[in-house]
Amino acid sequence: MSGKKIQAPKGVSEYVPPRSVSFEFVRESLINPARRAGYQLIELPVFEDTELFTRGVGESTDVVSKEMYTFEDRGGRSITLRPEGTAGVMRAVIEHGLDRAQLPTKLWYSGAFFRAERPQAGRYRQFYQVGIEAIGLDDPAIDAEVIAIADAGFKAIGLTKYRLDITSLGDSQSRAAHRIDLVKFIASMDLDEATALRAQINPLRLFDDKRPQIRSAMEKAPLLLDYLSQASRENFEQVRRYLEALGISYVINPRMVRGLDYYTGTTFEFVHELLGAQSGIGGGGRYDGLMSELGGQELSGIGFGLGVDRALLAAESEGVISADAFVSDLFIIPLGGGAKEQALRIASSLRKAGKVVEIAFGDRALKGAMKSADKSGARYVVVLGDEELNSQSVELKNMNSGVSTSVSIDSLINAL
RNA sequence: GUGGACGUAGCUCAGCUGGUAGAGCACCCGGUUGUGGUCCGGGAUGUCGCGGGUUCGAGCCCCGUCGUUCACCCCA
């Protein structure tokens with residue numbers, strides 16, 4: 001070997017066996033509820049025109065102002081690795097006219113996202129999300145359904161130690177009225193420069209500050225929830241009633257702050273108890289202005305993004321992931337060249353029937369091959385030698401009990 | 001971007017007040033002729049993250065760098 005080892009770029013999450021099995025399980029668990037609710041796959045590029053995010057997500061957000069992977073391509077275009085999913089989905093919906101079909105348009109996606117942050121437990125520069133978007137329908141029932149779909153995903157993984165925070169950001173008039181009072185309130189506080197600047201960009205951020213002085217000072221701050229218009233309040237109450245009807249418990253958190261500018265109305269966040277500083281395992285909400293901001297119709301939508309990496313971490317910390325290694329149905333050990341040919345044939349026909357079959361290649365000693373069969377977690381093992389080739393019948397060994405039964409090669413499929 | 005901790009075989013780690021490396025697990029071979037999981041015997045493996053410095057001599061000290069990790073910030 002010559003040359004230095006090349007390592008993965010800083011802060012990326014990657015999954016190798018056996019943990020990749022758990023990762024796949026978590027991701028599928030999060031996707032399935034969406035499929036069952038009639039959401040359809042949308043597969044999008046991981047890079048987009050930079051302007052999509054500056055315009056869609058909002059220039060004042062940290063995500064856009066300092067966490068984007070932006071570069072110029074060979075044609076001099078400014079390209080950005082997607083930091084979140086919703087903006088891209090909206091772009092594609094508009095571009096392909098998906099909003100001209102029967103509404104709501106219901107889509108799910110899954111894939112990698114990128115944020116140039118300092119890595120930390122549960123925070124990576126490349127991470128995975130599963131998300132859905134329901135576009136073009138204003139009905140509190142769909143808000144509740146979207147939340148229920150996310151909740152069903154977490155439950156399917158087996159998570160129990162998490163809570164659901166919800167709030168409503170109301171309509172634009174509600175927010176404007178609240179903002180005036182909140183800014184007034186903050187002006188009376190004694191803030192350091194950095195915090196004052198943050199407050200200036202988005203005064204709501206101070207609700208999220210972790211420092212005790214700020215926390216206690218903010219206790220008396222005016223809450224957006226108290227400024228909701230009649231319509232917004234009724235809408236939010238309706239969402240809550242639906243959630244209760246679904247048996248989904250939640251906590252109203254009027255201090256919840258979301259990082260993306262486009263949220264309006266119902267917003268929510270799933271927070272896990274055992275995760276440490278990066279405890280949000282998923283979140284989302286309604287966005288009214290996003291479509292038109294991106295040049296589409298005046299349609300609102302609601303969606304969520306769930307963190308696959310964090311959900312996996314949560315599952316591991318709860319101990320609900322049975323770290324089941326890969327398990328195959330049958331392990332074939334061929335002895336000799338003729339047996340290999342036959343093993344290949346048997347394996348491929350069993351695989352066609354949906355069985356997971358492995359073959360011990362490489363002319364290892366039988367004992368060694370048996371060991372690898374054992375390690376692979378195979379349920380059954382078959383040794384294929386001259387005797388078996390002549391008689392067309394094999395000893396099917398059950399690796400659990402150690403018992404072997406004689407079966408003809410043709411009827412192997414029935415015996416598995 | 002800011003701050004703390006850490007970086008020794010594939011993995012988890014030990015290595016005393018500086019004298020050029022070890023354990024467990026895993027892996028490979030064997031314990032006679034075609035059957036694993038236990039047991040026994042044997043074996044391979046590291047430029048001690050990288051670069052520089054101090055020293056007669058550094059895995060142990062100093063500086064830098066890269067990476068990991070935890071927290072802030074932010075968020076999935």
Side-chain angles (χ1 to χ4, degrees), chain A residues 1-2 4-13 16 18 26-27 30 57 61-67 82-86 110-131 150 154 194-195 197-198 201-202 205 208-211 214 256-260 269-272 275-284 304-314 331-336 339 360 362 364-378 380-388 394-404:
Chain A
M1 259 206 325
S2 69
K4 273 192 195 158
K5 269 189 213 165
I6 298 174
Q7 291 178 287
K10 186 186 181 80
V12 300
S13 70
V16 299
V26 167
R27 184 177 53 194
L30 294 176
V57 178
T61 61
D62 282 34
V63 168
V64 168
S65 63
K66 49 187 204 195
E67 295 170 1
R82 60 182 183 188
E84 60 94 53
T86 304
S110 157
F113 294 86
F114 308 85
R115 249 115 103 162
E117 302 176 273
R118 189 82 167 258
Q120 185 184 338
R123 188 171 76 183
Y124 308 101
R125 292 185 167 185
Q126 174 174 331
F127 57 97
Y128 295 87
Q129 262 184 234
V130 165
F154 293 131
T195 312
L197 189 65
R198 279 204 292 137
I201 293 166
N202 183 354
R205 283 260 202 284
D208 218 18
D209 204 296
K210 283 171 188 167
R211 288 168 296 184
I214 307 277
M256 188 173 90
V257 183
R258 305 246 66 224
L260 313 178
E269 214 165 74
F270 290 86
V271 182
H272 195 88
L275 240 38
Q278 309 303 324
S279 56
I281 52 177
F304 62 59
L306 311 180
V308 183
D309 312 85
R310 288 188 188 173
L312 173 58
L313 253 18
F331 201 97
I332 303 174
I333 302 174
L335 302 175
R364 295 183 66 191
L366 180 58
K367 182 170 177 170
M370 281 303 292
K371 276 193 167 181
S372 20
D374 188 37
K375 263 154 214 152
S376 82
Y380 289 98
V381 168
V382 150
V383 175
L384 211 57
D386 291 338
E387 290 172 26
E388 287 79 6
V394 294
E395 291 295 312
L396 183 66
K397 178 162 181 171
N398 181 319
M399 292 298 275
N400 235 335
S401 62
V403 178
S404 293

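In what follows, chains carry the letters A, B, and so on, assigned in the order in which the sequence lines appear, proteins first and then strands, with residues in each chain numbered from 1. Predicted, not measured: the structure shown is a model, and the values here were computed from it.
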B/S/- along nucleotides 71-76 of chain B (protein heavy atoms under 4.0 Å) is BBBBBB

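- The C1' atoms of B:G22 and B:C60 are separated by 15 Å, rounded to the nearest whole Å.
- When the C1' atom is compared between B:G10 and B:C62, the two are found 33 Å apart, to the nearest whole Å.
- Here the separation of B:U2 from B:U65, taken at their P atoms, is 11 Å to the nearest Å.
- To the nearest angstrom, P of B:G31 lies 12 Å from NZ of A:K371.
- Using a 4.0 Å heavy-atom distance criterion, A:K367 is classed as a base contact.
- A:R27 places no side-chain N or O within 3.5 Å of a backbone atom of A:V130 that could act as its donor or acceptor partner.
- B:C48 and B:G7: their C1' atoms are spaced 10 Å apart (whole Å).
- Contacts of A:K397 with the nucleic acid, taken as non-hydrogen atoms under 4.0 Å apart, include base atoms.
- Residues that satisfy the side chain to side chain contact (heavy atoms under 4.5 Å, CB included) test with A:K10, not counting sequence neighbours, are A:P119, A:R125.
- For the C1' atoms, the distance from B:A9 to B:A5 is 24 Å, rounded to whole Å.
- If you take atom C1' in B:G24 and the same atom in B:U8, they sit 15 Å apart, rounded to whole Å.
- Checking side-chain atoms of A:R310 against main-chain N and O of A:G282 turns up no donor-acceptor pair under 3.5 Å.
- For the pair A:F331 and A:S376, the tightest heavy-atom approach, listed with the atom from each and the gap, is CD1-OG, 3.4 Å.
- A:G402 comes within 4.0 angstrom of a nucleotide base, judged by non-hydrogen atoms across all strands.
- Between the P atoms of B:G46 and B:G41, the separation comes to 24 Å (whole Å).
- Rounded to whole Å, the P atom of B:G19 lies 27 Å from the corresponding atom of B:C11.
- Checked by atom type and distance alone, the side chain of A:R115 never pairs as donor or acceptor with a backbone atom of A:K66 at under 3.5 Å.
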